[in-house]
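Written below as C-alpha cells is the structure these notes are about.
Proteins come first, then strands; the chains are lettered A, B, ... in the order of their sequence lines, and each starts at number 1. What you are looking at is a predicted structure, and each value in this text was computed from that prediction instead of being measured.
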Amino acid sequence: MSRRLGLAAGLLVAVVTLVLPAVLDDSALAVYILLGLAAMVTVGVSLLMGYAGQVSLGQGAFYAIGAYTAALLALNGAPPLVGLVAAPVAAALSALVIGVPLLRLRGHHLAFATLAMQLILLSLAGQLEFTGGDIGLQGIPQFGAGSFVATSASVYAYLTWAGLALVMLVTHNVITSRPGRALRALATSEIAAASSGIPVGRYKLVVFALSATFAGLAGGIYCFYTGYVAPTSFPVLLSIQYIVMAVVGGLGTIWGAVVGATAITLLVQGLDLLAALPGMPTYAPSVLSYAVYALVLIGVVLFMPQGLVPAVSDRLSRRRVGVRP
Amino acid sequence: MSAFLTYLLNGLAVGSAIALIASGLVVIHRVTGVVNFAQGTFAVVAGLCTSSLLGLGLPHGVSEVAAVLAAAVAGLLTGLAAIGKPGTTPLSSLIVTLGVGVLAYAVEIVLWGDQPRSAPGLAGSVTLAGARIQTQHLLVIGVAAGTFVLLALFFGRTYLGKALTACASNPYAARVVGIDTRRMGLLAFALGGLLGGVAGVLVTPLRPISFDTDVTLIVNGFAAAVFGALTRPVITLVGALLLGVAETMAAGYGYGSHQLEVALGLMLVVMIVQAGRRPAISQEST
C-alpha cells in the first residue's frame with residue numbers, strides 16, 4: 001500500500017471512529033467498546049507473539065489484574081483516574097515479576113506456563129477475601145475526573161478508542177525503532193541475536209511487560225464500564241480469543257490486531273443475534289461462539305498463516321506493480 | 001497413620017489417571033513433536049460417551065470399550081487437523097489442537113449439555129492395612145499399570161512401535177527407510193486418543209465430567225509429562241504419581257481448595273529448572 005493511500009485510509013478510520021459513538025445506540029455501543037478493549041489487548045498479543053515470537057496463553061490474566069486493581073482502588077475511595085493509571089502499572093509490574101522466571105521457557109512450555117499463571121490467578125481471585133471471592137467486586141463507581149462523572153456509554157467509547165490509539169502509537173514506535181529490529185531478530189534465533197549483542201532476556205521481559213500494560217489498561221477501562229469484576233469475567237477462553245484475533249488479523253502487524261478484533265467481535269455478535277432468534281435452543285449462543293473461534297483459528301493457522309491484513313495488502317501491492325502471483 | 005495410607009493410595013489412583021493422560025501426550029509428542037492441547041478433550045469425550053451409553057442400558061464393558069474407541073476416533077480426527085497438512089510447524093499444530101479443543105466444546109454442549117455428568121463404576125471399597133480405598137481407585141491403579149507395561153512392550157518389542165520411535169528420533173532417516181511418517185503421526189494421535197479415552201472412562205465414576213473439565217486434565221497431564229521432558233514415559237509415570245499424591249495430601253490435610261495451584265506450581269518449578277539446565281542451543285535446534 002502506498003504511503004498516501006495508507007494515510008487516507010487512516011484518516012477515514014479515525015473520522016469513522018470518532019463519529020460512531022455519537023450515532024450508535026447503547027447496545028451497539030457496548031459492542032463498540034468491548035471491540036476496542038479487545039483490540040487494545042490484541043495489539044499487545046500481536047507484538048508479543050508476532051514480533052518477539054513468544055506465545056502467551058495467559059494474556060487474560062493481565063486484563064484481570066488491571067481490572068481488579070482499578071476496581072479495588074475505586075472501591076476504596078481513590079479517584080477513578082488514579083485507578084485507571086494504576087491498572088496498566090500494576091499489570092506491567094506483575095508481568096516483570098512473573099516474566100523473570102517464565103520467559104526462560106520457550107514455545108509450548110511458555111504457552112502452558114502462561115496458561116498455568118492465569119489458572120492460578122483466577123483460582124486465587126476466587127478464594128481470597130479482598131478480591132470478593134467467586135462473587136467478585138460489585139458497585140464499582142463510574143469513571144470520572146474532578147467533578148465530571150461518566151454517565152453515558154459514549155464517554156467510555158471515546159476513552160477506549162483514545163486508549164487504543166495510544167497503544168497503537170506506542171507499538172508503532174517500538175517496532176520501527178532499533179529495539180524493534182532486535183525483537184524481530186530474537187524471534188528468529190535467540191542465540192544469533194544474543195551473539196550480535198542484543199540483551200535477549202531484558203528485551204523479552206520488556207516486551208512481555210509492555211503487552212501486559214496494554215491488557216491492564218483495557219482491564220481498567222472494562223471494570224469502570226461494566227461496574228463489576230469476578231473470576232468468571234476472565235476465563236481461559238478470553239486469552240484464546242485474543243490469540244484468535246491476533247492470528248486472524250495477521251501477527252506482528254498493528255492494524256492486523258485491530259482488524260482481527262473487529263472481524264471476530266462482529267462475527268460472534270452476528271451469530272449471537274442469529275442464536276437469539278426464536279426457535280433456537282438455549283445453548284446456541286455459546287455453541288456458536290465456541291465453534292466460530294475454533295473453526296476460524298484452525299482455518300487461518302492452516303490456510304492463511306499470515307493473517308488477513310498481510311494477505312490483503314500483499315495482493316494490493318502485487319496488483320499495483322502488475323506482477324501475477 | 002491409616003489416614004496417611006488412605007491419602008497415599010487415593011493419591012496413587014489420582015496419579016495413575018494423570019499418568020494415562022500424560023502418556024497420551026508423550027506418545028504424540030515423541031512421534032510428531034506436537035504438544036497436543038486436545039488431550040484432555042479425549043478423556044472428556046470418553047467419559048461423556050460412557051455416561052450416555054450406560055444410560056441407554058448398554059452393559060458395562062461394552063459401553064466403556066465403545067467410549068474408548070470413540071476417543072481414539074477423536075484422536076485420529078485431531079491428528080488429521082493438526083498434522084494432516086504438510087509443512088505445519090509443531091507450534092502451529094499446537095494452536096490447531098487448541099482450536100480442536102474449543103471446537104469439541106461446541107460439539108459436546110450440543111450432544112450432552114453443559115452440566116457435569118457421571119457414570120457408575122465399581123462399587124464398594126477394600127480395607128488394606130487399616131486404610132479404606134474405593135474399588136474403583138484400585139481399578140484405576142491396575143489399569144494404568146497394565147497400560148504402561150503394554151506401552152513399554154509395544155514400543156520396545158513390536159515392529160510398529162519401533163517404527164514410531166524411529167519417526168521420533170530421526171524423521172528424515174525414517175522416511176529414507178520407507179516409513180510413512182505422516183501415517184505414523186496419525187497413528188500416534190489415535191493411540192493418544194485411546195489412552196486419553198481410557199483415562200476418561202476410569203475417572204468419570206470418581207468425579208463428574210463436564211465439557212470444560214479438559215483444562216484441568218490437560219494441565220495435570222502436561223505437568224506430569226514435563227517431568228519426563230515430554231519424551232520419557234517412565235519418568236512421566238513417576239511424575240504423575242508424585243503429582244497425584246501431592247494433590248491428594250494437600251486436599252487431605254486441609255488445603256483442598258489449593259489442589260490446582262499445587263499441580264500448576266510444581267509444573268512451573270519443574271519446567272523452569274529444566275530450562276535452566278538445558279543449554280539454549282539444544283532447545284533451538286530441536
Side-chain angles (χ1 to χ4, degrees), chain A residues 49 53 55 57 98 100-124 126-127 188-192 194 200 235-237 240-241 243-244 247 281-284 286-303 305, chain B residues 29 33-35 37 81-82 84-85 87-110 113-114 211-212 215-216 218-219 222-223 225-226 230 257-261 263-265 267-269 271-276 279-281 283-286:
Chain A
M49 204 168 151
V55 182
L57 290 183
I98 297 168
V100 170
L102 238 52
L103 288 171
R104 300 167 65 156
L105 305 173
R106 291 182 175 76
H108 51 252
H109 286 103
L110 183 62
F112 270 90
T114 47
L115 173 70
M117 170 196 78
Q118 181 169 3
L119 288 173
I120 291 176
L121 201 82
L122 288 179
S123 174
L124 286 179
Q127 287 165 27
T188 330
S189 165
E190 288 185 15
I191 295 157
V200 169
V236 171
L237 193 71
I240 295 174
Q241 173 200 307
I243 306 263
V244 176
V247 168
T282 47
Y283 56 70
S286 56
V287 165
L288 283 176
S289 57
Y290 285 137
V292 166
Y293 285 137
L295 292 175
V296 168
L297 184 63
I298 296 173
V300 170
V301 167
L302 289 180
F303 301 107
Chain B
H29 184 265
V34 176
V35 179
F37 215 95
K85 188 166 176 287
T88 316
T89 62
L91 204 56
S92 302
S93 295
L94 168 79
I95 297 181
V96 171
T97 59
L98 187 71
V100 171
V102 177
L103 186 61
Y105 281 6
V107 177
E108 285 156 11
I109 294 177
V110 170
D114 55 3
F211 72 98
D212 55 1
V215 177
T216 329
I218 184 71
V219 291
F222 188 79
V226 292
L230 286 162
S257 49
H258 298 294
Q259 270 188 35
L260 189 68
E261 285 99 313
L264 297 172
M267 168 175 105
L268 289 177
V269 169
M271 284 203 296
I272 290 162
V273 169
Q274 279 181 352
I281 190 117
Q283 294 179 41
E284 265 184 28
S285 61
T286 50

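Most heavy-atom pairs under 4.5 Å with chain B: of the set A/Phe112, A/Tyr293, A/Phe303, this distinction falls to A/Phe112.
There is no contact between A/Val300 and chain B, counting heavy-atom distances below 4.5 Å. There is no contact between A/Leu288 and chain B, counting heavy-atom distances below 4.5 Å. Only the side chain of A/Ala111 comes within contact range of chain B, judged by heavy atoms closer than 4.5 Å. With a 4.5 angstrom heavy-atom cutoff, B/Leu94 touches chain A only via side-chain atoms. Heavy atoms of B/Val100 lying under 4.5 Å from chain A belong to its backbone as well as its side chain. Contacts between B/Val35 and chain A at a heavy-atom distance below 4.5 Å involve the side chain alone, from C-beta outward. Using a 4.5 Å cut-off between heavy atoms, B/Val107 does not touch chain A at all. For chain A, the nearby parts of B/Ile95 are the backbone and the side chain; heavy atoms of each come within less than 4.5 Å.
Closest approach of B/Gly99 and A/Ala294 over heavy atoms only: O-CB, 3.2 Å. Of all non-hydrogen atoms in A/Ser286 and B/Ile109, the two that sit nearest each other are OG-CD1, 4.1 Å.
A distance of 8.0 Å separates OG of B/Ser93 from CG of A/Leu302, quoted to the nearest 0.5 Å. B/Met271 contributes atom CE, which lies 7.0 Å from atom CG of A/Leu102 (distance to the nearest 0.5 angstrom).
Annotation: side chain of B/Phe37 is not in contact with side chain of A/Ile240 (no heavy-atom distance under 4.5 Å). Between B/Leu268 and A/Pro101 there is no side-chain heavy-atom pair separated by less than 4.5 Å. When side chains are defined from C-beta on, A/Leu297 does not count as touching B/Val102, because their heavy atoms never get closer than 4.5 Å.
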